[in-house]
Amino acid sequence: ETGVTQTPRHLVMGMTNKKSLKCEQHLGHNAMYWYKQSAKKPLELMFVYSLEERVENNSVPSRFSPECPNSSHLFLHLHTLQPEDSALYLCASSQSGMKIAEQFFGPGTRLTVL
Amino acid sequence: AQSVTQLDSQVPVFEEAPVELRCNYSSSVSVYLFWYVQYPNQGLQLLLKYLSGSTLVKGINGFEAEFNKSQTSFHLRKPSVHISDTAEYFCAVTRSGGSYIPTFGRGTSLIVHP
């Protein structure tokens with residue numbers, strides 16, 4: 001595998017389920033991100049993990065819980081979601097601490113909450 | 001803080017015609033600028049970036065962009081589009097000097113008609 005991979009690619013869950021999204025980057029980067037992309041809305045940064053810090057968007061509900069066990073893996077744990085949480089969830093990575101801060105994105109997980 | 005405005009939510013164009021997608025930004029500090037493309041059912045992919053130097057930046061797939069500091073703009077252009085250029089295009093900005101958290105515009109949907 002190369003680049004940034006995400007699993008699963010599609011997920012349908014009920015509001016009482018618990019599930020996790022997984023992201024893995026094979027680029028040797030040290031910063032990873034979760035974004036939410038909803039139709040007709042701007043790309044929303046949810047969480048950032050880097051060597052220096054963890055950044056949270058304060059508007060993200062607590063039913064989303066990130067975990068970053070190492071610099072290559074990132075998880076997004078989901079529980080008691082709402083239908084409005086249905087969206088494309090994108091993972092990205094970059095090399096923090098450098099001038100060039102371009103991001104590399106995974107293909108996304110299309111989440112549908114029933 | 002910085003912000004990004006993509007003035008057009010949708011740009012329809014005929015194949016082989018030229019296209020310009022507009023991006024304006026606001027920032028009190030120096031910035032780096034990026035254009036990303038998102039094809040259907042995929043993540044974002046970097047098209048080009050401006051860090052410093054020449055204000056005309058060439059990217060992949062025949063796209064180019066020009067940084068205009070006085071007008072705080074970074075418009076994306078292509079002299080002749082193909083059907084395969086149909087996608088969502090995002091302008092993004094980061095604070096120069098090591099920031100790794102970008103601000104994205106809302107995106108412009110480029111629709112190329114035969």
Side-chain angles (χ1 to χ4, degrees), chain A residues 2-10 21 23-25 27 29-57 71 74 87-111, chain B residues 1-10 23-27 29-53 57-60 63 65 74 87-109:
Chain A
T2 59
V4 181
T5 58
Q6 290 185 243
T7 54
R9 291 293 309 275
H10 300 273
L21 309 185
C23 175
E24 186 172 358
Q25 60 96 0
L27 299 168
H29 291 161
N30 59 11
M32 297 187 76
Y33 311 70
W34 278 118
Y35 286 90
K36 177 183 178 183
Q37 187 177 34
S38 304
K40 308 299 183 186
K41 291 185 178 179
L43 204 60
E44 178 186 359
L45 179 64
M46 301 175 72
F47 304 100
V48 183
Y49 278 88
S50 77
L51 287 179
E52 290 83 23
E53 61 182 334
R54 166 179 157 166
V55 176
E56 296 187 23
N57 180 340
S71 61
L74 184 65
L88 182 68
Y89 288 84
L90 292 166
C91 174
S93 71
S94 71
Q95 187 64 17
S96 72
M98 292 178 62
K99 293 197 299 182
I100 303 172
E102 67 206 69
Q103 295 188 314
F104 293 78
F105 285 80
T109 295
R110 174 70 63 186
L111 174 66
Chain B
Q2 51 260 359
S3 65
V4 178
T5 303
Q6 291 184 244
L7 297 163
D8 306 297
S9 60
Q10 203 173 83
C23 172
N24 287 88
Y25 69 93
S26 173
S27 176
V29 298
S30 296
V31 297
Y32 296 144
L33 294 152
F34 307 83
W35 275 100
Y36 289 86
V37 60
Q38 184 179 29
Y39 298 106
N41 301 314
Q42 295 185 28
L44 281 68
Q45 176 187 356
L46 183 70
L47 264 182
L48 49 79
K49 60 190 177 190
Y50 172 79
L51 305 179
S52 64
V57 180
K58 293 191 183 297
I60 61 172
F63 283 93
F74 190 55
E88 194 81 14
Y89 291 79
F90 294 91
C91 183
V93 60
T94 64
R95 179 172 50 87
S96 64
S99 172
Y100 53 91
I101 300 178
T103 300
F104 282 87
R106 298 179 70 100
T108 297
S109 179

Problem set entry | Region of B:L46 in contact with chain A, defined by heavy-atom distances below 4.5 Å | side chain

Exercise. So do the side chains of A:Q103 and B:F104 get within less than 4.5 Å of each other, counting heavy atoms only?
Worked result: yes

Problem set entry | Residue part contacting chain B, namely of A:V4, when any heavy atom lies under 4.5 Å | neither

Exercise. Crowded around A:N57 CG? As in, over 12 foreign heavy atoms under 6.0 Å?
Worked result: yes

Seminar exercise, completed: In this structure, OG of A:S50 is separated from CD1 of B:I101 (nearest 0.5 Å) by 7.5 Å

Exercise. Does some side-chain heavy atom of B:Q38 sit less than 4.5 Å from a side-chain heavy atom of A:L43?
Worked result: no

Exercise. So do A:F105 and B:Q42 actually touch side chain to side chain, heavy atoms under 4.5 Å?
Worked result: no

For this session: Could you look at A:Q37 and say if it's the side chain, the backbone, both or neither that has a heavy atom under 4.5 Å from chain B?
Result: side chain

For this session: Can you tell which part of A:F104 gets under 4.5 Å to a heavy atom of chain B, answering side chain, backbone, both or neither?
Result: neither

